[in-house]
Amino acid sequence: MPTTPTAPTAPSAPSAADLRLTDLVSGFGAVDLTEVQELADLQTRVDRKYVVPTSMLADLLADHQGLRVLEIDGRRRFGYESVYFDTPALQSYRSAAHGRRRRFKVRTRTYADSGECVFEVKVKGGRGETVKERLAYDRASAASIDPQARAFAATVLQQALPDARHVVAALAPTLVTTYDRTTFVDPVAGTRLTCDAALLCTPAPQDRSGLAAEGGYSTAGHAGLGDQVVLESKSPGTATAVDRWLWARGHRPVSLSKYCVGLAALDAALPSNRWSRTLRRHVV
């Protein structure tokens, strides 16, 4: 049975990068969640991800003073924790690594500041369509899948996986990711920009004694991005002003799945050609 996460330790003093990020966003006008949805309601969108040094973020924001930043209860940076689930043979990971059209991702996501937790299932069908469904979840169960959530996942996954119930029955926690997110909105263009900082990937707490015999994996330690941030532009389709700014400075979108890159960084034996450039250049 998967174990629950260990009790959090006392927070450490903010790093120099944390302090810089806090200073960088302090001068921008604030919007609340309702305004974000009104100004940039991107139900159908194109996402582009970049990994850049924190120092470059300062220049980017200095050149885009028209952006506004999401603020809730005086906070502008919000802690996220995701627990990803996979089969012993890592079917979710390997489907992505080999570029299969039918693939899926199952996780819980906890919003550390509010305590809210959701169970999410994302599935890509054979025609390229992507469906993401979520279910309100108990934070205390974030590192496991209860019977209701398993039934929910099986219902969502059966659209793309003929053996969905067998797959869901085998799911166990594999990876935990934590990071802080700041969300910017361009109120004129109706686009968004998220900035994820302090990304850390660690093996999920569980008994892995049977995984090796079933073609699984062996992980240890942790992986992250050091003094770099993940920027993700979100637009209806056309390039945003931030995209064009980054392109002009030699930064192009990268293939970055936090789950897949994190797992590949922790186990060099896994197939990872799809993310080799990101792993080589950015992961520490």
Side-chain angles (χ1 to χ4, degrees), residues 1-12 33 70 72-73 75 77-88 90-93 96 103-123 131-157 164-165 167-183 194 196-211 216-217 219-225 230 232 256-263 265-267:
M1 179 180 294
T3 61
T4 55
T6 57
T9 57
S12 58
L33 193 56
L70 173 65
I72 301 174
D73 296 332
R75 292 180 175 272
R77 294 181 63 188
F78 304 93
Y80 284 57
E81 179 183 87
S82 296
V83 181
Y84 292 88
F85 301 86
D86 211 335
T87 66
L90 299 181
Q91 184 172 339
S92 173
Y93 174 88
R103 53 186 187 264
F104 68 95
K105 191 176 293 179
V106 177
R107 72 184 178 195
T108 58
R109 170 171 282 181
T110 299
Y111 302 90
D113 300 288
S114 68
E116 179 188 357
C117 182
V118 294
F119 179 81
E120 294 184 339
V121 182
K122 183 177 181 180
V123 57
V131 175
K132 183 166 74 172
E133 301 288 351
R134 53 170 41 188
L135 180 72
Y137 210 56
D138 181 1
R139 182 177 186 176
S141 301
S144 61
I145 306 178
D146 66 22
Q148 180 188 8
R150 286 195 190 272
F152 174 79
T155 299
V156 177
L157 291 179
R165 293 200 175 276
V167 170
V168 170
L171 292 176
T174 52
L175 188 78
V176 179
T177 64
T178 58
Y179 55 92
D180 294 334
R181 171 167 290 181
T182 303
T183 298
T194 58
D196 294 345
L199 173 64
L200 186 66
C201 304
T202 56
Q206 70 164 26
D207 177 11
R208 296 184 177 78
S209 58
L211 287 179
Y217 64 107
T219 59
H222 61 269
L225 296 176
V230 179
E232 185 168 1
L256 177 61
S257 156
K258 291 184 178 72
Y259 173 57
C260 293
V261 169
L263 208 58
L266 293 170
D267 187 352

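Every heavy atom of this structure was used, including side-chain atoms; hydrogens, water molecules and symmetry mates were not. What you see is a predicted model; the values in this text were computed from it and never measured.
- Of all heavy-atom pairs between Ser257 and Lys105, the closest is OG-NZ, 3.3 Å.
- With sequence neighbours excluded, no residue forms a ring-ring contact (aromatic ring centres under 6.0 Å, His included) with Phe78.
- Ala170 meets the side chain to side chain contact (heavy atoms under 4.5 Å, CB included) test with Thr87, Pro88; sequence neighbours excluded.
- Residues Tyr111 and Arg134 share a closest heavy-atom pair of OH-NH2, 3.2 Å.
- Within the model, atoms OG1 of Thr183 and CD of Glu232 stand 10.0 Å from one another, a figure rounded to the nearest 0.5 Å.
- With contacts defined as side-chain heavy-atom distances shorter than 4.5 Å, the pair Pro203/Leu266 qualifies.
- Between Ile72 atom CD1 and Arg77 atom CZ the span is 15.0 Å, to the nearest 0.5 Å.
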Subject >> Candidate pair Tyr259 and Asp86, rule side chain to side chain donor-acceptor pair (under 3.5 Å), full reasoning >> reply: CA-CA 10 Å; Tyr259 173 57; Asp86 211 335; 2.7 Å; yes
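- Of the possible donor and acceptor atoms, one in the side chain of Arg150 sits under 3.5 Å from a partner among the backbone N and O of Val168.
- The two residues Arg75 and Asp113 have their closest heavy-atom pair at NH1-OD1, 3.0 Å.
- Minimum heavy-atom separation, Cys260 to Ala96: SG-CB, 3.8 Å.
- Rounding to the nearest 0.5 Å gives a distance of 6.0 Å between CG of Leu70 and CG of Leu33.
- With Tyr179 as the aromatic partner, Lys258 meets the cation-pi criteria of under 6.0 angstrom to the ring centre and within 45 degrees of the ring axis.
- Here NZ of Lys122 is found 13.0 Å from CG of Leu157. Values are rounded to the nearest 0.5 Å.
- Contact annotation: the side chain of Tyr137 never approaches that of Glu120 to less than 4.5 Å [non-hydrogen atoms, C-beta and beyond].
- Annotation for Val83 and Ala143: closest pair CG1-CA, 4.1 Å, computed over non-hydrogen atoms.
- Note: Gln91 CD to Arg103 CZ = 13.0 Å, rounded to the nearest 0.5 Å.
- Put simply, the residue from Leu171, Val176, Thr174, Leu263 that forms a side-chain contact (heavy atoms from CB on, under 4.5 Å) with Tyr84 is Thr174.
- The nearest pair of heavy atoms linking Arg107 to Phe85 is CA-CD1, 3.9 Å.
- Checking side-chain atoms of Ser92 against main-chain N and O of Phe104 turns up a donor-acceptor pair under 3.5 Å.
- Residues Leu135 and Gln148 form a side-chain contact, since some pair of their non-hydrogen atoms from C-beta on lies under 4.5 Å apart.
- The structure places OG1 of Thr108 at 11.0 Å from CG of Asp146, a figure rounded to the nearest 0.5 Å.
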